[in-house]
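Reviewing the structure listed below.
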Amino acid sequence: MTVAFLYALSGVALFVLAFHALVSRRHLLHKIMSVNVMGSGVFLIIGALARRTPTADPDPVPLALVITGIVVAVAATALGIVIMLRVQAATGRPELPPADRN
Amino acid sequence: MSRAPSRAVLWLLLLTLGGGLGWAVLSLPPVAQGLGEQVRQHLQVSGVESPVTAVLLNFRGYDTLLEIAVLALATVAIWSVATMPRRRRGLAGPVLVFFVQVLVPFMVLLAGYLLWSGSHAEGGAFQAGVVLAAAALLVILAGAPLPAGAGGWPLRVGLMLGLLVFLGVGVLVTTTGRNFLELPPAWAGGLILMIEAAAAISIGASLALAFRGGRPRNARAGS
Amino acid sequence: MPQPGAALLVVAVLLPVSASALCFLAPRLARAIAVVVALVLALTVVLLAVQLVTHGPLEYRVGGWGAPLGIDLRADGLTVFMLLAAALTGLPVTVYGLSYFPASGAAGGFWPLWMLLWGALNALFVAGDAFNLYVTLELMGLSAVGLVALAGSSDALGGAMRYLLMTLTASLIYLLGVGLLYHRSGTLDLALLGTSLEGGATTWVALGLMSAALLVKSALFPLHFWLPPAHSSAPAPVSAVLSGLVVKATIYLLLRLWLDVMPPGKAGLGAALGGLGAAAIVWGSVQALRQSELKLLVAYSTVAQLGYLFLPFAIDPAHAGVAWRGAAYFVLCHALAKTAMFMTVGNLQKLGAGAHLGELQHVARQFPVSLAAFGIAGVTIIGLPPSGGFLAKWLLLQASFGAGQWWFAVVVLAGGLLSAAYVFRVVGLAFVEEGTRARGDVAPKGRTSAAEWITLAVALATVVLGFTAPLMLGVLDVGEPFGQPSGEPLSEPGGAP
Amino acid sequence: MWMLDGTLAVSLVLIASRALAADDLFEAVALFVAFGLLMTLAWVRLDAVDVALAEAGIGAGFTGALFLAGVARLQRQARVRRPGREVHR
């Protein structure tokens, strides 16, 4: 096993861990943070596997994809935090309202 | 996410997910070429020397254009969801003011360096944009009020500059019979630097404003 | 040699994206910009359809590099059909928005967000690159979240938050699949993936992740948990776009992966999707019948109607082509019908009538035009002649008889009956005249507003679609998106389904 | 170097799990920033310096700052809020 696979597996663990936290944590800040960690896991898998080239330089295409992904993630996080604050202001709780309204 | 499934189902799902992903990753061949070779072959005509920058701003520039649209979108959405909470007071103190006076010009210089560096080594628009945003944050933390008219068009133009310049360059090259975003090799370096400079300003502005959490109170509500 | 007219593909993306920036820069002009751009965009799509019919499938190399290094845009009949569906829905929604949203106020955010959402939809339809699709998915999801939150109520904010977490998670899962596919095959281009991709663990895990992500985004039962809260709490024009277009965009993408990328050996997956689609039709319709709020009823109806779009996955491949043509036509008809229904709800709310089913009495006398629109749209949802919905379901039935899969026909017919039940429930209540008025302060009948006439026009369009099928299906068949010669002419529907 | 990479790969997962399990929000944010810095190190180890710069600036730095501001505002809102009144618009 090479370094690429080591970090890729670390990314898999991050992804699964964050998915668990996303489902089980109730506070919206935890949920938004879970999505961020999940993103880091995905980026680590994609970026680490780019290191499997025969030369010393990693494949630049996946790295460019990861940079794009990181910027999209911060944009989404900023929006998420603003909506979280408004949810708390409107309902008094920084949590998702119950799903069943019917 | 909502209806908490029973623990057993959740753990089964997680085990399947982890196991499947691990299996998928380990089934990949240990050595793969990817598109690295193709990128290297076309690097000379891309206008930059850094492969990652070449992919981001030239080969897959369309992705980056849409990504800058995502950043602009986040600002538009935040402005339509919330107004800036009122600041009670800044953290102004002599030490912070001193830091701001010394650090901010230095950070602007650093952003410029990162932009320039992105063409041949590590760096580029996003990194430079973050440094600009950090400089703006320091100013905000020091309690400086937003300049009068900050919600007006200068700020709006700054936020959209990256998207507009990127779109403009892409459309402009079509007048020479090229496809959208097909940068002429002789001009590619300069055009990319221009796009990155505009993008860095927009990224800096978007991030700094995102930190403030809403549209400026003096901005017209219709964002 | 670039194809003439292929540049229209990139125009269909750039036009709304730049319009969004302009709407943000000049909020006072936003409404005018949006209307002009909507008109030009509709014209662009019509020109694109003409180009397609005369020249065949189109391809455009953004940046001039070409796949695999660059990003290609592609359009066959299905692509242009979806662009047309977006334009036919988007144009009336834009005009309706003029009267729905006040000229000033926080709702001004509608214009840049809606333009960006339209741009994202078009970008998704024309994309030929798996990662480019990820960016369009994020663009689409985040603008939709912003639009839902626009309503500002605590329901809308909760719905937007749930939507945001769903869309981000699903996008990341999709991206993970794309990354694995790239590392497996060395390309992100869908067409190249389709020719070079071999089976094996990585491929199937990657395609499984991408499919699962798209199923969540498409709200296929039982993954629809996020849809009713978001779609029922958003402003009415937004609900129309979300129900009419956004959920279908991800089904379109799933279909693209299914037809163009997935290697053989997927019959089991197809059967599962068809089964879930059938369950969605029954379960969603029953839920719609149980609702007491009009907007939730319409939202659950969407959950049910989306089920039809998954049935063809389970059809014997030899006959699936006909089923897919029916499903595509269904997308168009349902988009317009749902738009008319959500607009009706918006009209009633604006004019002070309750959105609660119990308050619907006397509504028919006060708002005859809106109610007529709801009824006409209902005809398409049920699938009665002469609507476009009838034709779509006719094609689905034809495929099921051709393939000898009778259960499929039973589900289609049962879905029609159930939807008839909830449509007639609404229309019936609205016509109730006797009984005590629930509220004495309901406004008396005034002049019919422009918004009501737009609603009626959209509803009537679903009927027109019943007669324009040969033309529309002619566009759809260019390039044989469903992978088999569609030589047999469209057989005329003979009797009631 | 295997020791370093192995330790880094494991600590990434450990610190992320601590961050997501922390009930105190400030503690969670601090751990998240530390996680971002470890991610930066991992990118350096993978010879992806561009990504490392983006991760340090955006992932750890800016996202961390956004979370911190978010937590501060959550707590301020919780103190100020009276039932039935919107504070934030």
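Basis for what follows: all heavy atoms, side chains included, without hydrogens, waters or symmetry-related copies. No experiment lies behind these values; they were computed from the predicted model shown. We name chains A, B, ... by the order of the sequence lines, and we start the count at 1 in each one.
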What part of [X] is in contact with chain D, defined as an atom under 4.5 angstrom from a non-hydrogen atom: side chain, backbone, both or neither?
{"X": "A/V66", "answer": "side chain"}
{"X": "A/A78", "answer": "both"}
{"X": "A/A64", "answer": "neither"}
{"X": "A/L63", "answer": "both"}

If you count heavy-atom pairs within less than 4.5 Å of chain A, which of [options] leads?
{"options": "D/F35, D/F62, D/F67", "result": "D/F67"}
{"options": "D/L66, D/D5, D/V51", "result": "D/D5"}
{"options": "D/A28, D/G6, D/G36", "result": "D/A28"}
{"options": "D/A48, D/G59, D/A22", "result": "D/A22"}
{"options": "D/I58, D/D47, D/V71", "result": "D/D47"}

- Query: In terms of heavy-atom pairs under 4.5 Å with chain D, which of A/S34, A/A13, A/P94 leads?
  - Reply: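 Of A/S34, A/A13, A/P94, A/S34 has the most heavy-atom pairs under 4.5 Å with chain D.
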
- Query: If you count heavy-atom pairs under 4.5 Å with chain D, which of A/A48, A/A18, A/A56 comes out on top?
  - Reply: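 Maximum pair count with chain D is reached by A/A48.
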
- Message: What I want to check is whether the side chains of D/T63 and A/N36 have a donor and an acceptor closer together than 3.5 Å.
- Response: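 No pair is found: no donor N or O on one side chain lies under 3.5 Å from an acceptor on the other.
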
- Item | Main-chain N/O of D/L74 paired with A/Q88 side-chain donor or acceptor, under 3.5 Å |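 Between the backbone of D/L74 and the side chain of A/Q88 there is a qualifying donor-acceptor contact (under 3.5 Å).
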
- Message: Under a 3.5 Å distance rule, please check whether A/R25 uses its side chain to pair with a backbone N or O of D/L20 as donor and acceptor.
- Response: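 Yes, the answer is positive, given that a donor and an acceptor are paired below the 3.5 Å cut-off.
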
- A/H27 vs A/H30 aromatic rings, parallel, tilted or perpendicular, using cut-offs 30° and 60°?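 If you compare the ring of A/H27 with that of A/H30, the planes turn out perpendicular.
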
- Query: Which region of D/A69, side chain (C-beta onward) or backbone (N, CA, C, O), has a non-hydrogen atom less than 4.5 Å from a non-hydrogen atom of chain A, or is it both or neither?
  - Reply: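 Looking at D/A69, nothing touches chain A.
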
- Query: Roughly how far, to the nearest 0.5 Å, is CG of D/L8 from OH of A/Y7?
  - Reply: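 A/Y7 atom OH to D/L8 atom CG measures 4.0 Å (nearest 0.5 Å).
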
- Query: Are A/D57 and A/R51 ion-paired here, with the side-chain N under 4.0 Å from a carboxylate O?
  - Reply: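 A/R51 and A/D57: not salt-bridged.
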
- side-chain contact (heavy atoms from CB on, under 4.5 Å) evaluation trace for A/K31 with A/L96: CA-CA 10 Å; A/K31 283 192 190 286; A/L96 286 178; 4.2 Å; yes

- Any side-chain heavy-atom pair from D/V10 and A/S10 closer than 4.5 angstrom?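 In short, these two side chains do not touch, never coming nearer than 4.5 Å.
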
